Amino acid sequence: MSPTLVLSLIAGYFVVLIIISILTSRKATSESFFIANRNAPWYMVAFAMIGTSLSGVTFISIPGMVASQSWSYMAVVLGYIVGYLVIGTVLMPLYYRLRLVSIYTYLEQRFGFWSYKTGALFFLISRAVGAAFRLFLVAGVLQLAVFDGLGVPFAVTVTISILLIYLYTFRGGLKTILWTDTFQTMAMLLCVGVSIYLMADELNLGFAGLVKTVKESTMSQIYFSDPKDDKFFWKQFASGAFITIVMTGLDQDMMQKNLSCRSLPDAQKNMFWFTLAIVVVNVFFLSLGVLLYQFAAAKGIQLPMNPDTGKVIGDNVFPLLATNHFSLFAGIVFILGIIAVTYASADSALTALTTSFCVDMLDIQQYDEQRQKRLRHLTHFGFSIVLIIIILIFRAINDQSVITSVFKAAGYTYGPLLGLFSFGIFTRRGLHDKLVLPVCVVAPLLTWFINEHSVAWWDYKFGFEILMLNGLITFLGLLAISRPRQVVELNPAA
């Protein structure tokens with residue numbers, strides 16, 4: 001694929017997004033920016049959330065990792081179902097009862113000022129790092145497909161990518177994103193479907209043959225044998241449930257969309273259908289991974305190898321095949337799909353970061369609308385710069401699968417949020433509020449220390465369940481600084 005063609009695709013794609021932005025951001029206010037005026041149709045929210053939750057990490061890393069991890073990730077996906085059930089029945093009723101704009105306001109009402117700021121701070125760190133990882137992946141693909149050939153530095157690629165996101169989100173916020181993410185989810189699903197169809201056609205597989213090929217492949221195994229293995233089913237399943245609770249239910253990015261629904265029953269319907277869709281979509285991604293390796297083997301294609309480990313670099317498999325060995329049409333579909341899924345996640349993250357910082361740190365609602373608008377725009381631009389900086393740092397130090405990096409980082413930064421919300425919901429005790437931040441800083445450090453020595457101590461290798469350990473340590477730390485009674489009463493009118 002020529003760089004000119006790819007640039008034309010990117011330009012055309014963003015023209016569509018900007019047109020959507022112009023049409024949906026008219027007369028935008030802070031309420032429409034933060035929660036879409038609490039008037040979004042549930043089915044639109046459910047569909048838009050698919051693209052937001054998957055991101056470029058799913059698009060690239062999930063298919064790429066089947067050679068080394070097989071279908072062990074499917075256990076994580078099945079765990080999602082439990083996590084979404086907890087969100088729909090425990091967290092969402094709480095958020096709607098309190099009519100929250102930022103979900104971390106709950107912590108202020110439940111415990112106090114420092115608990116509130118601590119929760120918001122850990123979200124800002126978690127989401128900024130997570131969004132940067134995801135954007136790093138797609139920027140790398142665009143660099144390989146387009147900008148290397150034009151002699152454009154990676155830093156310029158990253159800056160252009162993020163400024164384009166800023167351009168179509170800074171006015172309308174969530175109100176715009178619900179529409180752009182709906183469009184981008186459609187583009188992503190079309191890409192996956194077309195890629196599977198075209199590879200099946202190249203391999204002379206009908207539908208029955210396609211199912212048989214995936215089912216009988218050694219890459220579609222799920223591991224039940226060794227509990228010490230980080231791919232063990234029940235470890236992955238439990239991790240999936242807790243990852244979902246914290247990265248959706250305790251994450252302003254994902255819950256901001258849910259809070260835009262017209263009522264709690266609508267939000268719960270959204271969560272039910274979204275859960276069903278996300279499981280099916282992940283099955284497609286894992287099946288796509290098996291077909292990618294089958295396709296490469298049948299065509300005698302040499303896949304990119306890590307010279308240090310001698311293993312295939314999974315994150316490079318789909319981009320390499322799509323841009324160099326698929327048909328021109330399939331390559332175009334891939335480029336559109338990777339752009340769609342990544343920006344659907346990134347635009348939502350940027351808006352959520354802006355929302356949380358404005359509401360939780362700046363207390364923006366105390367100002368008139370004109371000043372709120374100025375603060376929103378300044379914050380939105382500021383986080384765009386922050387993301388650029390984090391991506392460049394990540395490029396300099398990253399040496400492992402991107403999806404592992406994302407969830408490993410989440411295990412450390414989301415753990416304190418899991419501990420805080422769990423303590424608030426499942427106990428009636430208050431806290432010595434000023435001691436909350438130190439506890440939430442120490443807990444990830446202890447978690448890291450245990451993780452570093454777990455193999456030597458117990459011959460046990462932590463996987464994604466590191467999140468549960470972090471949350472437990474935070475919970476125990478909060479218990480140690482707790483009071484015998486709740487010191488701040490919840491205020492539903494707040």
Side-chain angles (χ1 to χ4, degrees), residues 1 5-24 40-41 43-63 131 134-135 137-142 144-146 160-162 164-165 167-169 172 174-199 253-254 257 273-274 277-278 280-285 287-289 291-292 318-319 321-323 326-351:
M1 295 180 68
L5 175 58
V6 178
L7 280 175
S8 299
L9 290 172
I10 295 171
Y13 185 86
F14 276 99
V15 166
V16 174
L17 293 181
I18 290 170
I19 290 173
I20 294 174
S21 173
I22 292 171
L23 294 176
T24 57
Y43 46 86
M44 183 181 186
V45 175
F47 193 72
M49 282 178 63
I50 296 173
T52 303
S53 64
L54 293 178
S55 81
V57 172
T58 308
F59 197 86
I60 297 297
S61 290
I62 296 300
R134 289 161 170 84
L135 279 165
L137 183 63
V138 73
V141 173
L142 294 177
L144 178 67
V146 184
I160 292 173
S161 298
I162 293 181
L164 285 170
I165 297 172
L167 189 62
Y168 73 83
T169 58
L174 186 61
K175 184 179 178 182
T176 294
I177 283 171
L178 288 173
W179 286 97
T180 57
D181 282 6
T182 296
F183 167 72
Q184 294 184 118
T185 298
M186 290 176 62
M188 179 271 294
L189 294 177
L190 178 65
C191 173
V192 176
V194 168
S195 296
I196 290 175
Y197 172 80
L198 292 177
M199 278 192 295
D253 185 358
M254 296 299 291
K257 289 184 173 63
W273 288 105
F274 167 70
I278 209 68
V280 173
V281 169
N282 273 285
V283 169
F284 286 147
F285 273 110
S287 300
L288 173 63
L291 290 176
L292 286 170
F318 195 11
L321 295 180
T323 57
F326 285 3
S327 66
L328 178 61
F329 173 70
I332 290 172
V333 169
F334 168 79
I335 292 296
L336 290 176
I338 186 63
I339 293 171
V341 72
T342 301
Y343 286 114
S345 174
D347 59 17
S348 180
L350 184 56
T351 300

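Model, not experiment: these values are computed from the prediction.
- The 12-atom threshold is not exceeded at CZ of Phe284, counting heavy atoms of other residues, nucleotides or ligands nearer than 6.0 Å.
- Here the CE atom belonging to Met199 is positioned 4.5 Å from the CG atom belonging to Leu288, to the nearest 0.5 angstrom.
- Side-chain contact check for Tyr13 versus Gln184: some heavy-atom pair is nearer than 4.5 Å.
- By the 4.5 Å heavy-atom criterion applied to side chains, Leu17 and Asp347 are not counted as neighbours.
- Taking each heavy atom of Leu292 and Pro63 in turn, the nearest pair found is CD1-CB, 3.8 Å.
- Thr169 is listed as a side-chain neighbour of Ile177, based on a closest heavy-atom distance under 4.5 Å.
- Residues satisfying the ring pair (Phe, Tyr, Trp, His ring centres under 6.0 Å) test with Phe318, not counting sequence neighbours, are Phe59, Phe334.
- Between the OG atom in Ser348 and the CE atom in Met49 there is a gap of 9.0 Å [rounded to 0.5 Å].
- Val192 has its side chain out of reach of Val281: every pair of non-hydrogen atoms, C-beta onward, lies at least 4.5 Å apart.
- When every heavy atom of Phe47 is checked against every heavy atom of Thr185, the shortest pair comes out as O-OG1, 3.3 Å.
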TODO: Please lay out, stage by stage, how Ile165 and Leu135 fare under the test side-chain contact (heavy atoms from CB on, under 4.5 Å).
DONE: CA-CA 11 Å; Ile165 297 172; Leu135 279 165; 3.9 Å; yes
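- Atom CD1 of Ile18 sits about 11.5 Å away from atom OG1 of Thr180, to the nearest 0.5 Å.
- Taking CG from Leu328 and CD1 from Ile332, the interatomic distance works out to 4.0 Å, rounded to the nearest 0.5 Å.
- Applying the 6.0 Å contact sphere to CZ of Phe14 captures more than 12 heavy atoms from other residues, nucleotides or ligands.
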Open item on the list: Checking Val45 against Phe274 for the side-chain contact (heavy atoms from CB on, under 4.5 Å) test, could you report, in this order, the C-alpha distance in whole Å, the side-chain angles of both residues, the deciding distance, and whether it holds?
Closed with: CA-CA 9 Å; Val45 175; Phe274 167 70; over 6 Å; no
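- Using a 4.5 Å heavy-atom cutoff, the side chains of Trp179 and Leu23 are not in contact.
- Atom CD1 of residue Ile62 and atom OG of residue Ser287 lie 12.5 Å apart, to the nearest 0.5 angstrom.
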Task: side-chain contact (heavy atoms from CB on, under 4.5 Å) evaluation trace for Tyr168 with Leu164 - done: CA-CA 7 Å; Tyr168 73 83; Leu164 285 170; 5.5 Å; no
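- Judged as a salt bridge (charged side-chain N to carboxylate O under 4.0 Å, His left out), and not counting sequence neighbours, the contacts of Asp181 are Lys257.
- At a threshold of 4.5 Å between non-hydrogen side-chain atoms, the residues Ile20 and Phe183 count as touching.
- Closest non-hydrogen pair, Gly337 versus Cys191, comes out as CA-CB, 3.7 Å.
- Here OG of Ser21 is found 7.5 Å from CG of Leu167. Values are rounded to the nearest 0.5 Å.
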